[in-house]
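Values reported hereafter were calculated over all heavy atoms of this structure, with side chains retained and with hydrogens, waters and symmetry mates removed.
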Amino acid sequence: MGYDELAVPVASHPLSCLLDDERFPIGWPSVLVSLADKHVAQEFVTLDERLDDMARRYPEFAGEINSARRPAHALEQELGDVLGISTDEVVERLAAAWHAGETEG
């Protein structure tokens with residue numbers, strides 16, 4: 001669609017990519033898109049809230065969803081480490097960005 005630079009981040013954002021060495025999000029754009037996707041349903045939520053909701057809605061995939069929990073948290077921790085902030089602050093900043101976007105739209 002003319003946005004070649006978005007191909008890899010978009011392709012590596014599904015939850016199943018966290019369990020696949022070939023599709024695992026690599027590079028900050030991919031990590032950020034993956035994390036953003038795991039924090040948003042119809043509102044901003046924690047990773048665990050999002051994964052719990054997905055497991056309830058798709059019980060046939062609950063095992064895979066729960067297996068993705070650890071790598072999702074690891075990506076969030078890695079982002080915090082690089083930024084020099086706690087994972088709680090990562091979540092607070094992502095939530096603030098989400099809410100700022102809500103008020104602009």
- Query: Who passes side-chain hydrogen bond (donor to acceptor under 3.5 Å, both in side chains) against S67, sequence neighbours left out?
  - Reply: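 Counting only residues at least two positions away or on another chain, S67 forms no side-chain hydrogen bond (donor to acceptor under 3.5 Å, both in side chains).
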
- Message: Between R69 and D52, does the side-chain contact (heavy atoms from CB on, under 4.5 Å) criterion hold? Intermediate values first, please.
- Response: CA-CA 10 Å; R69 195 176 300 268; D52 290 346; 2.9 Å; yes

Rounded distance (nearest 0.5 Å) linking atom [atom1] of [X] with atom [atom2] of [Y]:
{"X": "M54", "Y": "E64", "atom1": "CE", "atom2": "CD", "answer": "8.5 Å"}
{"X": "L83", "Y": "E78", "atom1": "CG", "atom2": "CD", "answer": "10.5 Å"}
{"X": "Q77", "Y": "T87", "atom1": "CD", "atom2": "OG1", "answer": "5.5 Å"}
{"X": "Q42", "Y": "D53", "atom1": "CD", "atom2": "CG", "answer": "9.5 Å"}
{"X": "H73", "Y": "L47", "atom1": "NE2", "atom2": "CG", "answer": "5.0 Å"}
{"X": "L94", "Y": "E76", "atom1": "CG", "atom2": "CD", "answer": "7.0 Å"}

Ignoring hydrogens, what is the shortest heavy-atom contact between [X] and [Y]? Give both atom names and the distance.
{"X": "C17", "Y": "S12", "result": "CB-O, 3.5 Å"}
{"X": "A62", "Y": "A55", "result": "CB-CB, 4.2 Å"}
{"X": "R50", "Y": "D37", "result": "NE-O, 3.2 Å"}
{"X": "P71", "Y": "A68", "result": "CD-O, 3.3 Å"}
{"X": "S34", "Y": "L18", "result": "OG-CD2, 4.1 Å"}

Under 4.5 Å between side-chain heavy atoms, hopping through other hydrophobics if needed: is there a path connecting [X] to [Y]?
{"X": "I65", "Y": "L19", "answer": "no"}
{"X": "L75", "Y": "L79", "answer": "yes"}
{"X": "V33", "Y": "V40", "answer": "no"}

Which donor-acceptor pairs under 3.5 Å do the side chains of residues 20-28 make with protein atoms, sequence neighbours left out?
residue: D20; atom: OD1; partner: E22; partner atom: N; Å: 2.9
residue: D20; atom: OD2; partner: R23; partner atom: NE; Å: 3.0
residue: R23; atom: NH2; partner: S16; partner atom: OG; Å: 2.8

- Message: For the backbone of S86 and the side chain of E89, can you confirm whether one donor and one acceptor N or O come within less than 3.5 Å of each other?
- Response: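 No, because the side chain of E89 does not come within donor-acceptor range (under 3.5 Å) of the backbone of S86.
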
- Message: So, using ring pair (Phe, Tyr, Trp, His ring centres under 6.0 Å) as the criterion, who are the partners of H39 when residues are at least two apart?
- Response: F44

- Message: If the test is side chain to side chain contact (heavy atoms under 4.5 Å, CB included), which one of N66, L15, V45 qualifies with L51?
- Response: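 Of the listed options, the one satisfying the test is L15.
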
- Message: Would you say CZ of R57 has more than 12 non-hydrogen atoms from neighbouring residues, nucleotides or ligands within 6.0 angstrom?
- Response: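 Atom CZ in R57 is crowded, with more than 12 foreign heavy atoms closer than 6.0 Å.
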
- Task: Test R93 against I85 for side-chain contact (heavy atoms from CB on, under 4.5 Å), laying out the working first.
- Result: CA-CA 10 Å; R93 290 184 183 194; I85 60 177; 4.0 Å; yes

